[in-house]
Amino acid sequence: MKKDQRSKSIEYVERHGLPNFINPFVEPLFYRENRQRLVQEIEMMKAIGRATPQASVTGALAAMRNRPDRAEVLQQLKCPVLFIFGKDDGAVPLEKALEQCHLPANSMVYFMEKTGHMAMFERTYETRKALEKFAETIYG
């Protein structure tokens with residue numbers, strides 16, 4: 001289903017232009033209750049998206065569509081892995097997050113309430129604290 005959606009997104013960008021794709025794409029990455037509070041961050045992400053060359057966006061969509069499953073890579077990792085998931089992420093559903101976070105032998109996992117795909121903006125303090133704690137476990 002995701003592969004089909006990425007193909008449709010590529011077609012949409014090519015047919016209607018990058019701004020028409022980016023503008024409605026960015027906002028749903030944020031949890032709906034956070035959107036009004038994060039208007040500046042959403043606008044910044046839209047501006048970055050619109051400034052990106054169209055070929056880069058369609059190339060990234062094609063690469064995501066065509067990439068093979070990488071679960072084996074996570075299973076074989078010897079290094080620690082940090083996962084930060086928004087419980088209300090429309091891009092990575094909670095069920096998928098739960099499948100992924102158990103794959104590495106050594107992982108630290110944070111599930112953030114009322115957070116979408118953009119925890120670094122939606123829960124800045126909590127995201128920073130998660131990164132700090134992860135770094136402390138690695139570097140002491």
Side-chain angles (χ1 to χ4, degrees):
M1 192 168 89
K2 284 274 194 183
K3 289 180 185 281
D4 186 47
Q5 183 58 45
R6 296 221 163 89
S7 291
K8 287 178 183 176
S9 293
I10 292 168
E11 290 173 25
Y12 186 90
V13 170
E14 290 172 345
R15 188 171 292 139
H16 301 285
L18 188 58
N20 290 321
F21 173 75
I22 291 295
N23 288 333
F25 176 80
V26 171
E27 194 168 303
L29 295 173
F30 293 78
Y31 178 58
R32 70 184 180 305
E33 290 180 18
N34 294 331
R35 292 176 192 164
Q36 212 167 18
R37 175 174 60 86
L38 298 169
V39 169
Q40 284 184 297
E41 289 82 353
I42 291 169
E43 289 306 315
M44 178 187 69
M45 295 305 298
K46 288 179 181 180
I48 291 169
R50 289 188 301 262
T52 303
Q54 182 170 311
S56 296
V57 172
T58 56
L61 289 165
M64 287 188 289
R65 178 194 62 204
N66 299 335
R67 71 180 169 206
D69 183 287
R70 295 285 187 218
E72 187 177 311
V73 173
L74 286 173
Q75 289 171 324
Q76 294 177 1
L77 277 177
K78 304 293 184 222
C79 63
V81 179
L82 172 65
F83 292 97
I84 299 175
F85 294 112
K87 285 188 173 181
D88 298 287
D89 188 338
V92 180
L94 189 56
E95 302 77 40
K96 202 64 155 162
L98 289 168
E99 290 173 17
Q100 292 177 16
C101 69
H102 294 290
L103 294 175
N106 182 2
S107 65
M108 185 178 285
V109 185
Y110 290 87
F111 291 99
M112 297 190 183
E113 297 280 343
K114 295 184 178 183
T115 305
H117 198 66
M118 305 299 279
M120 65 283 223
F121 296 116
E122 296 178 86
R123 299 278 178 251
T124 306
Y125 176 80
E126 295 90 339
T127 300
R128 189 181 82 237
K129 285 298 185 188
L131 288 165
E132 288 171 358
K133 185 159 180 75
F134 183 68
E136 284 174 16
T137 65
I138 296 171
Y139 302 110

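Side chains included, hydrogens not; waters and symmetry mates left out as well; all remaining heavy atoms used.
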[X] with [Y], same ILVMFWY side-chain cluster at under 4.5 Å:
{"X": "Met120", "Y": "Phe83", "result": "no"}
{"X": "Val81", "Y": "Met108", "result": "no"}
{"X": "Met44", "Y": "Val57", "result": "yes"}
{"X": "Val13", "Y": "Ile48", "result": "yes"}
{"X": "Val92", "Y": "Leu94", "result": "yes"}

Report the C-alpha separation of Asn20 and Arg15 in whole Å, then their side-chain angles, then the decisive distance to 0.1 Å, and conclude whether the side-chain hydrogen bond (donor to acceptor under 3.5 Å, both in side chains) test is met. CA-CA 10 Å; Asn20 290 321; Arg15 188 171 292 139; over 6 Å; no
Can you sort out the partners of [X] under ring pair (Phe, Tyr, Trp, His ring centres under 6.0 Å), two or more places apart, ordered by chain and number?
{"X": "Phe121", "answer": "none"}
{"X": "Tyr110", "answer": "none"}
{"X": "Phe21", "answer": "Phe25"}

Determine all donor-acceptor pairs shorter than 3.5 Å in which one atom belongs to a side chain in residues 35-43; sequence neighbours excluded.
unit_1	atom_1	unit_2	atom_2	d
Arg35	NE	Glu27	O	3.1
Arg35	NE	Phe30	O	2.9
Arg35	NH2	Phe30	O	3.0
Arg37	NH2	Asn34	OD1	3.1
Arg37	NH2	Glu122	O	3.1

Please collect all side chain to side chain donor-acceptor pair (under 3.5 Å) contacts where either partner lies in residues 53-71, sequence neighbours excluded, each pair once. Ser7-Arg65
Quick check: are there more than 12 heavy atoms from other residues, nucleotides or ligands sitting under 6.0 Å from NZ of Lys3? yes
Could you report the tightest heavy-atom contact between [X] and [Y], atom names first, then the distance?
{"X": "Pro53", "Y": "Leu18", "value": "C-CD2, 4.4 Å"}
{"X": "Gly116", "Y": "Tyr31", "value": "N-CB, 3.6 Å"}
{"X": "Ala91", "Y": "Leu29", "value": "CB-CD2, 4.4 Å"}
{"X": "Pro19", "Y": "Pro24", "value": "O-CD, 4.3 Å"}
{"X": "Cys101", "Y": "Ser107", "value": "O-OG, 3.1 Å"}

Measuring from atom [atom1] of [X] to atom [atom2] of [Y], what distance do you get when rounded to the nearest 0.5 angstrom?
{"X": "Leu77", "Y": "Leu103", "atom1": "CG", "atom2": "CG", "result": "9.5 Å"}
{"X": "Thr115", "Y": "Asp89", "atom1": "OG1", "atom2": "CG", "result": "9.5 Å"}
{"X": "Ile84", "Y": "Phe111", "atom1": "CD1", "atom2": "CZ", "result": "11.5 Å"}
{"X": "Gln5", "Y": "Leu61", "atom1": "CD", "atom2": "CG", "result": "9.5 Å"}
{"X": "Asp88", "Y": "Lys114", "atom1": "CG", "atom2": "NZ", "result": "9.0 Å"}

Would you call Asn23 and Arg50 a side-chain contact if the rule is heavy atoms closer than 4.5 Å? yes
Would you say the side chain of Met45 lies within less than 4.5 Å of the side chain of Met118, judging by non-hydrogen atoms? yes
Show me the donor-acceptor pairs, under 3.5 Å and distance only, between side chains in residues 128-140 and residues at least two apart or in other chains.
unit_1	atom_1	unit_2	atom_2	d
Arg128	NE	Glu132	OE2	3.3
Lys129	NZ	Glu132	OE1	3.2
Thr137	OG1	Phe134	O	2.6

Under the criterion side-chain contact (heavy atoms from CB on, under 4.5 Å), I'd like the reasoning laid out for Glu126 against Met112: C-alpha separation, chi angles, the key distance, then a yes or no. CA-CA 8 Å; Glu126 295 90 339; Met112 297 190 183; 3.8 Å; yes
